[in-house]
Amino acid sequence: MTYEELYRWGSERLTAAGIEEAALDARLLLEYICGTDRNELLAHGDREVENRKRTAYGELLAEREKRIPLQYLTGEQAFMGLEFRVNEAVLIPRQDTEILVEEVLRHLHDGMRILDMCTGSGCILISLLYYTNDCEGVGLDISETALRVAEENKEKLLGGKIQERHGRIHFEQSNLFEKAVGLFDVIVCNPPYIRREALRTLMPEVGKYEPVDALDGGEDGLFFYREITARSKDFLCGGGKLFFEIGCEQAEDVCGLMKSAGFEAINVVKDYSGLDRVVYGTRGFDLETVISTE
């Protein structure tokens with residue numbers, strides 16, 4: 001079979017299986033197996049593909065037909081211009097979360113201290129440190145297996161001399177703020193926020209294969225927003241900011257939680273589809289602290 005014939009065969013198989021982006025997934029899986037890119041298909045589609053690669057491609061197609069996410073099959077996902085390693089222990093980084101990272105970057109200055117709650121693959125924290133200088137980052141997650149992925153991504157993307165340029169970073173297993181130490185200029189979080197009853201309505205790639213603990217936001221989807229907002233002021237310095245990614249219908253509720261907790265200058269940021277995606281607010285300065293420093 002030629003490269004182009006193999007691609008068409010794969011695309012037809014995934015289309016028949018009901019995969020939404022069958023042609024794209026078929027191409028990406030073929031590129032993964034053959035170590036090629038899209039130009040290879042366009043310029044050299046008539047090249048023969050060796051038997052072992054055809055067999056390996058067929059095996060991956062069979063896994064994708066079961067609705068196993070493409071990213072878990074290839075073990076990687078692009079995010080903020082970086083290639084992150086992923087597996088079934090972590091949520092797959094999504095473009096929507098880039099809105100959160102971009103908004104935090106607008107408020108970051110060199111040397112700031114960042115806490116990333118529910119860090120998962122580490123994609124948020126690593127991206128923030130990669131695109132700033134001399135910031136310190138702490139990533140917390142309750143999942144030991146997720147933290148192993150985060151450590152791999154840290155070494156892959158911030159290892160050695162690059163990490164020296166981009167500041168210190170470490171990950172630690174923690175039930176929310178249990179292991180948090182000191183004050184931070186920024187707390188950022190993409191928490192589990194799917195309502196429990198809605199979990200069963202998710203597409204199979206998400207509901208069946210992505211870690212449920214990283215999706216389940218409790219009965220109303222707001223459990224982690226309540227917990228984190230209530231405790232975050234104990235770990236934010238005066239003027240520090242708390243950033244959340246939210247579900248598109250949660251802005252009013254999350255803004256209300258932050259307002260009740262005393263946060264100021266609360267803002268909602270929309271994603272590229274015009275949907276509410278990020279909420280953030282500022283911790284005010286305690287009067288006693290201001291007086292004591294005058």
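For the numbers below, each heavy atom of this structure counts, side chains included, while hydrogens, waters and symmetry mates do not. Computed from a prediction, not measured in an experiment: that's the story for all the values here.
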* Sub-3.5 Å donor-acceptor pair from the side chain of Asp271 to the main-chain atoms of Gly274, do we have one? -> yes
* Asked: Under 6.0 Å from the CG atom of Asp213, do we count more than 12 heavy atoms belonging to anything else shown?
  -> no
* **Asp253 side, atom CG; Asp220 side, atom CG - distance, nearest 0.5 Å** => 7.5 Å
* Can you hop from Ile68 to Val90 via hydrophobic side chains spaced under 4.5 Å? -> yes
* Among Val104, Ile99, Asp96, the one residue meeting side chain to side chain contact (heavy atoms under 4.5 Å, CB included) with Val278 -> Ile99
* Asked: Where the side chain of Tyr57 meets the backbone of Ala26, is there a donor-acceptor pair that is under 3.5 Å apart?
  -> yes
* **Salt-bridge present (Glu219, Arg195; N to O < 4.0 Å)** => no
* Are the side chain of Ser174 and the backbone of Lys179 linked by a donor-acceptor contact shorter than 3.5 Å? -> yes
* Does one side chain, of Glu63 or Tyr72, offer a donor that lies under 3.5 Å from an acceptor on the other? -> no
* For a ring-ring contact (aromatic ring centres under 6.0 Å, His included) with Phe177, tell me which candidate from Phe184, Phe235, Phe224 qualifies. => Phe235
* Go through Thr132 and Leu105 one step at a time and tell me if the side-chain contact (heavy atoms from CB on, under 4.5 Å) criterion holds. => CA-CA 8 Å; Thr132 55; Leu105 284 171; 3.7 Å; yes
* Side-chain contact test, heavy atoms from C-beta onward, threshold under 4.5 Å: evaluate it for Cys135 versus Leu128 and give yes or no. => no
* Are the side chain of Asn190 and the backbone of Glu245 linked by a donor-acceptor contact shorter than 3.5 Å? -> no
* To do: Could you tell me whether Asp141 and Arg148 make a salt bridge, using a distance below 4.0 angstrom between a side-chain N and a carboxylate O?
  => no
* **Full working for side-chain hydrogen bond (donor to acceptor under 3.5 Å, both in side chains) between Glu31 and Thr36** => CA-CA 5 Å; Glu31 291 170 3; Thr36 56; 5.6 Å; no
* For Glu152 and Val149, indicate whether the former's side chain and the latter's backbone hold a donor-acceptor pair under 3.5 Å. => no
* Please step through side-chain contact (heavy atoms from CB on, under 4.5 Å) for the pair Ile114 and Val138, ending with a clear verdict. => CA-CA 6 Å; Ile114 308 160; Val138 177; over 6 Å; no
* Mind checking whether Tyr280 and Ile266 have side chains closer than 4.5 Å, heavy atoms only? -> no
* Please indicate whether Glu178 has more than 12 foreign heavy atoms, meaning atoms of other residues, nucleotides or ligands, lying under 6.0 Å from its CD. => yes
* Rounded to the nearest 0.5 Å, what separation is found between the OG1 atom of Thr229 and the CG atom of Leu222? -> 9.5 Å
* Charged N to carboxylate O under 4.0 angstrom, Arg106 versus Glu103? -> yes
* Is there a side-chain contact between Leu176 and Met117, using heavy atoms and a 4.5 Å cut-off? -> yes
* Ion pair present between Glu210 and Arg94, side-chain N to carboxylate O less than 4.0 angstrom? -> yes
* To do: State yes or no: do Val269 and Met258 share one hydrophobic cluster built from I, L, V, M, F, W and Y residues joined by side-chain heavy-atom distances below 4.5 Å, directly or via other members?
  => no
* Determine, stepwise, if the pair Arg231 / Glu227 fulfils side-chain contact (heavy atoms from CB on, under 4.5 Å). => CA-CA 6 Å; Arg231 293 288 315 281; Glu227 295 294 312; 5.7 Å; no
* **Polar side-chain atom of Glu65 near backbone of Ala17 as donor-acceptor pair, under 3.5 Å** => no
* Measure the shortest side-chain to side-chain distance between Val279 and Cys255 over non-hydrogen atoms and say whether it is less than 4.5 angstrom. => yes
* Asked: So, does Gln173 use its side chain to make a donor-acceptor pair with the main chain of Ile142 at under 3.5 Å?
  -> yes
* Arg8, CZ atom: more than 12 neighbouring heavy atoms under 6.0 Å -> no
* May I have all residue pairs that pass salt bridge (Lys or Arg N to Asp or Glu O under 4.0 Å) and include part of residues 74-88, sequence neighbours excluded? => none
* Is the closest basic N to carboxylate O distance between Arg64 and Asp25 below 4.0 Å? -> yes
* Give a yes or no on whether Leu236 and Leu125 share a hydrophobic cluster (residues Ile, Leu, Val, Met, Phe, Trp, Tyr; joining criterion: side-chain heavy atoms under 4.5 Å apart). => no
* **Separation of Ile228 CD1 from Leu257 CG (nearest 0.5 Å)** => 11.0 Å
* Does some side-chain heavy atom of Ile194 sit less than 4.5 Å from a side-chain heavy atom of Asp216? -> no
* To do: Check for a donor-acceptor pair, side chain of Ser11 on one end and backbone N or O of Tyr7 on the other, with a separation under 3.5 Å.
  => no
* **Main-chain N/O of Met112 paired with Glu136 side-chain donor or acceptor, under 3.5 Å** => no
* Contact summary for Cys248 and Leu275, nearest pair of heavy atoms -> CB-CB, 3.9 Å
* Assess Arg47 against Tyr3: is NZ or CZ under 6.0 Å from the centre of the six-membered ring, and within 45 degrees of the ring's axis? => no
* Asked: side-chain contact (heavy atoms from CB on, under 4.5 Å) between Met80 and Cys123: does it pass, once the steps are laid out?
  -> CA-CA 9 Å; Met80 291 297 296; Cys123 65; over 6 Å; no
* Asked: Val212 and Met203: same hydrophobic cluster, using ILVMFWY side-chain contacts below 4.5 Å?
  -> yes
* **Rounded distance [0.5 Å steps], CG in Asn87 versus CG in Leu73** => 12.0 Å
* **Side-chain donor/acceptor of Lys241 to backbone N/O of Asp185, under 3.5 Å** => no
* To do: Determine the minimum heavy-atom distance between Leu202 and Gly207, stating which atoms define it.
  => CB-N, 3.9 Å
* Asked: If you measure from CD on Glu205 to CD on Glu20, what distance do you get to the nearest 0.5 Å?
  -> 8.5 Å
* Asked: How far apart are the closest heavy atoms of Leu129 and Gly137, and which atoms are they?
  -> CD2-N, 4.0 Å
* **Residue pair Pro192 / Cys118, side-chain heavy-atom distance below 4.5 Å** => yes
* To do: Please test Gln95 against Tyr272 for side-chain hydrogen bond (donor to acceptor under 3.5 Å, both in side chains), starting from the C-alpha separation and ending with a verdict.
  => CA-CA 10 Å; Gln95 187 178 21; Tyr272 297 124; over 6 Å; no
* Between atom CD of Gln71 and atom CG of Leu28, what is the distance when rounded to the nearest 0.5 Å? -> 9.0 Å
* Side-chain heavy-atom pair Phe171, Thr119 within 4.5 angstrom cut-off -> yes
* **Trace of the ring pair (Phe, Tyr, Trp, His ring centres under 6.0 Å) decision for Phe244 with Tyr225** => CA-CA 8 Å; Phe244 283 121; Tyr225 295 112; 5.0 Å; yes
* To do: Sequence neighbours left out, what passes salt bridge (Lys or Arg N to Asp or Glu O under 4.0 Å) with Lys53? Give chain and number order.
  => Glu50
* Under 3.5 Å side-chain donor-acceptor pair for Thr282 and Glu264 -> no
* Same cluster (ILVMFWY, side-chain, under 4.5 Å), Leu24 and Leu6 -> yes
* Asked: Hey, are the side chains of Ser121 and Leu91 touching, using non-hydrogen atoms and a 4.5 Å cut-off?
  -> no
* Asked: Under 4.0 Å between a Lys/Arg side-chain N and an Asp/Glu carboxylate O for Asp276 and Lys270?
  -> yes
